[in-house]
Amino acid sequence: MPEFAALASWYDTWQTALFVSIPLALIASAAAVFATGSLVTRLVNGTVFMCLAAAVIHQGHGMIELHFAIFCLLAFLLYYRAWKPLVMGSVVVAIHHVLFDILQRAGAPVYLMDHHHGLAYVAIHSAYVVAEVVILVYMAASIRAEAIES
């Protein structure tokens, strides 16, 4: 996600880019190198993808359009043809949204949304993530079955 580098100059969030996003990318790369094709790598990538999306959202001060990174990255996880990375990613992003909403409303220097509607608004976001993940899990199972059959 090159967005983290572009956003760093936008809101002067170089610390997030350097100390969160780059290490996350290195973790995903290390998992791919040292545990190629394993469940661990798939779960690490499900986690890292959502953490990178969270970093981009934070860097954009909660701009609602940046939340689309979550949906895009969940779709990329479909490549694995497995449900576990999809569920892992959705759980990670759910925890992030609840935690950052509470922290942002408490005045902590974190950003989830550019407005403050509270947990009810987070629940709306979560409903869309759940809907996408249900569809993606079904697609992953179908695609996997087709691949095995062929």
Side-chain angles (χ1 to χ4, degrees), residues 1-137 139-140 143:
M1 288 183 51
E3 293 90 359
F4 68 83
L7 288 170
S9 61
W10 193 9
Y11 283 112
D12 192 29
T13 55
W14 289 102
Q15 287 183 333
T16 302
L18 295 173
F19 299 115
V20 176
S21 298
I22 291 174
L24 284 168
L26 292 173
I27 289 168
S29 298
V33 169
F34 296 110
T36 305
S38 73
L39 175 61
V40 169
T41 298
R42 294 189 297 269
L43 295 176
V44 164
N45 282 333
T47 300
V48 166
F49 279 10
M50 293 305 107
C51 290
L52 286 170
V56 165
I57 292 165
H58 171 75
Q59 286 186 270
H61 285 203
M63 191 168 88
I64 205 70
E65 292 80 2
L66 296 178
H67 286 74
F68 286 111
I70 292 165
F71 298 102
C72 291
L73 292 171
L74 283 170
F76 278 121
L77 291 172
L78 183 60
Y79 178 78
Y80 288 127
R81 301 181 220 175
W83 65 270
K84 290 177 183 175
L86 294 162
V87 171
M88 175 65 96
S90 65
V91 168
V92 168
V93 80
I95 292 168
H96 158 260
H97 268 53
V98 170
L99 180 62
F100 271 46
D101 177 71
I102 292 167
L103 290 171
Q104 183 178 357
R105 287 187 292 118
V110 298
Y111 295 96
L112 176 66
M113 299 194 196
D114 56 3
H115 50 282
H116 308 285
H117 290 292
L119 289 175
Y121 203 75
V122 170
I124 293 168
H125 277 221
S126 297
Y128 280 102
V129 169
V130 168
E132 181 186 17
V133 169
V134 166
I135 292 166
L136 291 175
V137 164
M139 291 172 67
I143 294 168

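The first residue in the sequence is number 1, and the count goes up from there.
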About how many Å separate [atom2] of [Y] and [atom1] of [X], when rounded to the nearest 0.5 Å?
X: Leu24; Y: Asn45; atom1: CG; atom2: CG; answer: 11.0 Å
X: Tyr11; Y: Met63; atom1: OH; atom2: CE; answer: 7.0 Å
X: His115; Y: Ile64; atom1: NE2; atom2: CD1; answer: 5.0 Å
X: Thr36; Y: Phe34; atom1: OG1; atom2: CZ; answer: 9.5 Å
X: Cys51; Y: Leu73; atom1: SG; atom2: CG; answer: 11.0 Å
X: Ile102; Y: Leu112; atom1: CD1; atom2: CG; answer: 10.5 Å

Qualifying residues under side-chain contact (heavy atoms from CB on, under 4.5 Å), relative to Ala94, sequence neighbours excluded: none
Of all pairs that satisfy ring pair (Phe, Tyr, Trp, His ring centres under 6.0 Å), the ones with a partner from residues 76-102, not counting sequence neighbours: His67-His97, His96-Phe100, His97-His125
Glu65 atom CD, over 12 foreign heavy atoms within 6.0 Å: yes
Minimum-distance pair of heavy atoms, taken over all atoms of [X] and [Y]:
X: Gly37; Y: Arg42; result: O-NH1, 2.9 Å
X: Ser21; Y: Gln59; result: OG-OE1, 4.1 Å
X: Ala69; Y: Ala53; result: CB-CB, 4.0 Å
X: Gly60; Y: Leu66; result: CA-CD1, 3.5 Å
X: Ala31; Y: Val44; result: CB-CG1, 3.9 Å
X: Met113; Y: Tyr121; result: SD-CD2, 2.9 Å

Working for side chain to side chain contact (heavy atoms under 4.5 Å, CB included), residues Ile70 and Ile57: CA-CA 9 Å; Ile70 292 165; Ile57 292 165; 3.8 Å; yes
Test item: Leu52 and Val56 side chains (from C-beta on) under 4.5 Å apart, heavy atoms: no
Side chain proximity check, Phe71 to Val129, heavy atoms < 4.5 angstrom: yes
Donor-acceptor pair, side chain of Ser126 and main chain of Val122, under 3.5 angstrom: yes
Distance-only check: which donor-acceptor pairs under 3.5 Å involve side-chain atoms of residues 84-93, not counting sequence neighbours?
{"from": "Ser90", "atom 1": "OG", "to": "Leu86", "atom 2": "O", "distance (Å)": "3.4"}
{"from": "Ser90", "atom 1": "OG", "to": "Val87", "atom 2": "O", "distance (Å)": "2.8"}

